[in-house]
Amino acid sequence: MSRGNRVVINAAPQTAEAVPIVGWKNFPRKSDSLNHGVELVQSETITPERVRSAGAPIAATATGDIEVELIGGVYDDYIAAAACNEWDDNVLTLGGNVAKPFAIEKNYRDDDQHHVWTGMRVNTFKLDIPEKGLLTMTFGWMGSGYKNALTAFSKAPAATKLEPKATSLNITDVKIDGATLKGRSCVTAFSFEINNNITVQQCLFSGLYGGKVEEMMADMNGAFTLAYNRVAQEVLDKQLTGATVAIEALITLVDGSTYLLKIPKAQIGGDLPAGGSDRLNASLTYTVVSDGTAASLPTLVRTVTTTTP
């Protein structure tokens with residue numbers, strides 16, 4: 001019998017079609033839904049017994065989410081994969097064209113069951129900052145292969161650190177159009193998401209898991225909550241004209257390292273809060289847009305110890 005606390009996930013950058021031999025590191029996670037799904041086509045052959053004859057597999061998927069608690073420096077390579085870009089002097093531009101595949105291994109160590117997904121790309125990414133609690137990130141993966149074995153695919157995967165984590169107390173500033181909301185409005189939650197809209201090309205000769213894995217148009221959006229006041233209404237009014245706003249969120253970890261999310265252009269949506277006996281909050285959504293220039297693309301700026309998997 002297998003126990004959940006004995007399951008370990010490891011990952012390694014993949015530069016060739018084969019499962020990597022080196023570069024494996026532990027992937028600390030809160031939860032995961034890694035799986036391989038197989039599509040069967042039913043046979044329509046009529047049998048004397050009036051029972052269908054066996055169908056056949058025609059396609060399979062290698063997908064799944066991995067949810068983690070934000071730890072400084074540990075997940076930077078996977079964030080870069082979500083951005084489809086490389087870190088450049090600690091600045092990551094979101095929305096590039098650099099393919100960054102990984103092999104991801106899931107080991108059920110107490111039952112010697114070892115699974116590996118290959119050609120895995122980050123299709124979706126979400127940063128969630130709650131009103132109170134740990135900051136979490138969710139990586140949604142999509143790949144091009146899967147297999148299992150009774151021995152591990154990774155050899156001596158390197159350990160990764162488990163600190164420093166970040167909580168809602170580590171959000172040290174949020175700005176709208178360059179002006180801090182400190183002392184002007186109360187931000188109670190914030191989120192940011194990327195969807196790379198990855199597709200897998202199905203060819204007659206591409207095998208069970210399909211052919212080329214490619215990112216399409218990237219959608220970036222999010223949400224945040226403001227205590228309702230004049231500042232919140234000024235932001236809500238932006239939707240009347242479609243005017244864009246600049247958004248910044250600063251995470252400062254206990255060791256002094258930081259992550260700064262900068263969104264130069266976003267369009268706002270939201271509704272007026274309803275009345276009642278509770279404090280009034282304005283729930284706003286935003287959609288990241290570009291004017292076709294590099295300067296309008298979102299960036300993530302880090303000042304961290306670069307111990308990354």
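Since the model is a prediction, treat every value here as computed from it, not as a measurement.
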Where do Arg302 and Asp76 land on the side-chain contact (heavy atoms from CB on, under 4.5 Å) test, with the steps shown first? CA-CA 9 Å; Arg302 68 182 179 185; Asp76 290 8; 2.8 Å; yes
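- Across all non-hydrogen atoms, the minimal contact from Ile171 to Val174 is CG2-CG2, 4.0 Å.
- Listed for the Glu214 side chain is no donor-acceptor partner under 3.5 Å among the backbone atoms of Thr199.
- Ile9 is connected to Leu162 through a chain of hydrophobic side-chain contacts under 4.5 Å among Ile, Leu, Val, Met, Phe, Trp and Tyr, so both are in one cluster.
- The shortest heavy-atom contact between Ala80 and Leu92 is CA-CD2, 3.8 Å.
- Counting only heavy atoms from C-beta outward, the side chains of Leu181 and Lys175 never approach each other to under 4.5 Å.
- Among all heavy-atom pairs drawn from Val200 and Gly143, the shortest one is CG2-O, 4.2 Å.
- Residues passing the side-chain contact (heavy atoms from CB on, under 4.5 Å) test with Ser290, sequence neighbours excluded: Ser296, Leu297.
- Side-chain contact between Ile58 and Leu40 is absent, with no heavy atoms from C-beta onward closer than 4.5 Å.
- For Asp177, there are no side chain to side chain donor-acceptor pair (under 3.5 Å) partners two or more places apart in sequence or in a different chain.
- A distance of 10.5 Å separates CG of Leu253 from CD1 of Ile71, quoted to the nearest 0.5 Å.
- Taking the side chain to side chain donor-acceptor pair (under 3.5 Å) definition, one finds that Thr252 meets it with Thr172, sequence neighbours left out.
- Of all the heavy atoms in Gly23 and Pro13, the pair that sits closest is O-CD, 3.7 Å.
- Thr303 and Thr258 form a side-chain donor-acceptor contact under 3.5 Å, judged by distance and modelled atom types alone.
- A search for side chain to side chain donor-acceptor pair (under 3.5 Å) contacts involving Glu39 returns nothing, not counting sequence neighbours.
- Val116 and Met120 fall into different hydrophobic clusters, defined by Ile, Leu, Val, Met, Phe, Trp and Tyr side-chain heavy atoms under 4.5 Å apart, directly or through other members.
- Checked against side-chain contact (heavy atoms from CB on, under 4.5 Å), Gln201 has the following partners two or more places apart in sequence or in another chain: Cys203, Lys212.
- Under 3.5 Å, the side chains of Thr287 and Gln267 contain no donor-acceptor pair of N or O atoms.
- Tyr259 and Leu94 fall within the same hydrophobic cluster, where Ile, Leu, Val, Met, Phe, Trp and Tyr residues are linked whenever their side-chain heavy atoms come under 4.5 Å apart, directly or through other members.
- Each of Ile198 and Met220 belongs to its own hydrophobic cluster when Ile, Leu, Val, Met, Phe, Trp and Tyr are linked at side-chain heavy-atom distances under 4.5 angstrom.
- Put simply, the side chain of Asn170 does not reach to within 4.5 Å of the side chain of Ser168, judged on heavy atoms.
- Side-chain contact between Thr63 and Trp141: absent, with no pair of heavy atoms (C-beta onward) separated by less than 4.5 Å.
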Check against side-chain contact (heavy atoms from CB on, under 4.5 Å), Ile194 and Asn196: CA-CA 6 Å; Ile194 298 174; Asn196 287 308; 3.9 Å; yes
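- Salt-bridge annotation for Lys30 and Glu67: present, with a side-chain N of the basic residue lying under 4.0 Å from a carboxylate O of the acidic one.
- Note that OG1 of Thr61 and CH2 of Trp117 are 11.0 Å apart. Values are rounded to the nearest 0.5 Å.
- Between Phe27 and the choices Ile66, Thr160, Asn10, the side chain to side chain contact (heavy atoms under 4.5 Å, CB included) rule is met once, by Ile66.
- Ring-plane geometry between Tyr78 and Phe139 is classed as perpendicular, the angle between the planes exceeding 60 degrees on a 0 to 90 degree scale with a lower cut at 30.
- For Asp128 and Ser191, the side-chain atoms include no donor-acceptor pair closer than 3.5 Å.
- Two residues are said to be in side-chain contact when any heavy atoms from C-beta on lie closer than 4.5 Å; Asn123 and Phe125 fail this criterion.
- Under the 3.5 Å distance criterion, with hydrogens and angles disregarded, no donor-acceptor pair is assigned to the side chains of Thr93 and Thr299.
- Aromatic ring centres of His115 and Tyr108 lie closer together than 6.0 Å.
- Pairing each heavy atom of Met217 with each of Asn197, the nearest pair is O-ND2, 2.8 Å.
- Tyr228 meets the side chain to side chain donor-acceptor pair (under 3.5 Å) test with Gln233; sequence neighbours excluded.
- Listed by chain and residue number, nothing satisfies the salt bridge (Lys or Arg N to Asp or Glu O under 4.0 Å) test with Glu131 (two or more places apart in sequence, or in another chain).
- Residues Asn281 and Pro273 form no side-chain contact, since every pair of their non-hydrogen atoms from C-beta on lies 4.5 Å or further apart.
- A donor-acceptor pair under 3.5 Å is formed between the side chain of Asn229 and the backbone N or O of Val231.
- Across every non-hydrogen atom of Tyr209 and Ala60, the tightest pair is CE2-CB, 3.4 Å.
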May I have the step-by-step check of side-chain contact (heavy atoms from CB on, under 4.5 Å) for Met137 and Ile79, ending in yes or no? CA-CA 9 Å; Met137 299 184 295; Ile79 298 173; 3.9 Å; yes
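- Clustering of Ile, Leu, Val, Met, Phe, Trp and Tyr by side-chain heavy atoms under 4.5 Å joins Leu260 with Val91, Leu250, Val301.
- Checked against salt bridge (Lys or Arg N to Asp or Glu O under 4.0 Å), Asp32 has the following partners two or more places apart in sequence or in another chain: Arg29, Lys106.
- Side-chain contact of Asp237 with Gln239: a donor-acceptor pair under 3.5 Å is absent, judged by distance alone.
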Determine whether Val187 and Ile129 satisfy the following criterion, side-chain contact (heavy atoms from CB on, under 4.5 Å), listing intermediate values before the conclusion. CA-CA 10 Å; Val187 186; Ile129 301 171; over 6 Å; no
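- Under the salt bridge (Lys or Arg N to Asp or Glu O under 4.0 Å) criterion, Glu215 pairs with Arg121, sequence neighbours left out.
- Remark: Ala243 engages Lys238, Thr241 in a side-chain contact (heavy atoms from CB on, under 4.5 Å) (not counting sequence neighbours).
- Not one N or O on the side chain of Glu49 forms a donor-acceptor pair closer than 3.5 Å with the backbone of Val51.
- Annotation: salt bridge (Lys or Arg N to Asp or Glu O under 4.0 Å) contacts of Lys100 (sequence neighbours excluded): Glu86.
- Residues Ile176 and Leu127 share a hydrophobic cluster, clusters being chains of Ile/Leu/Val/Met/Phe/Trp/Tyr side chains in contact below 4.5 Å.
- Side-chain atoms of Arg109 come within 3.5 Å of backbone atoms of Arg6 as a donor-acceptor pair (strictly under, hydrogens ignored).
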Test log, rule side chain to side chain donor-acceptor pair (under 3.5 Å), inputs Glu105 and Asn107: CA-CA 6 Å; Glu105 175 189 56; Asn107 294 340; 3.2 Å; yes
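- Counting heavy atoms from C-beta outward, Ile263 and Tyr286 have side chains that approach closer than 4.5 Å.
- Taking 4.5 Å as the limit, some side-chain heavy atom of Ile247 sits within range of a side-chain heavy atom of Val245.
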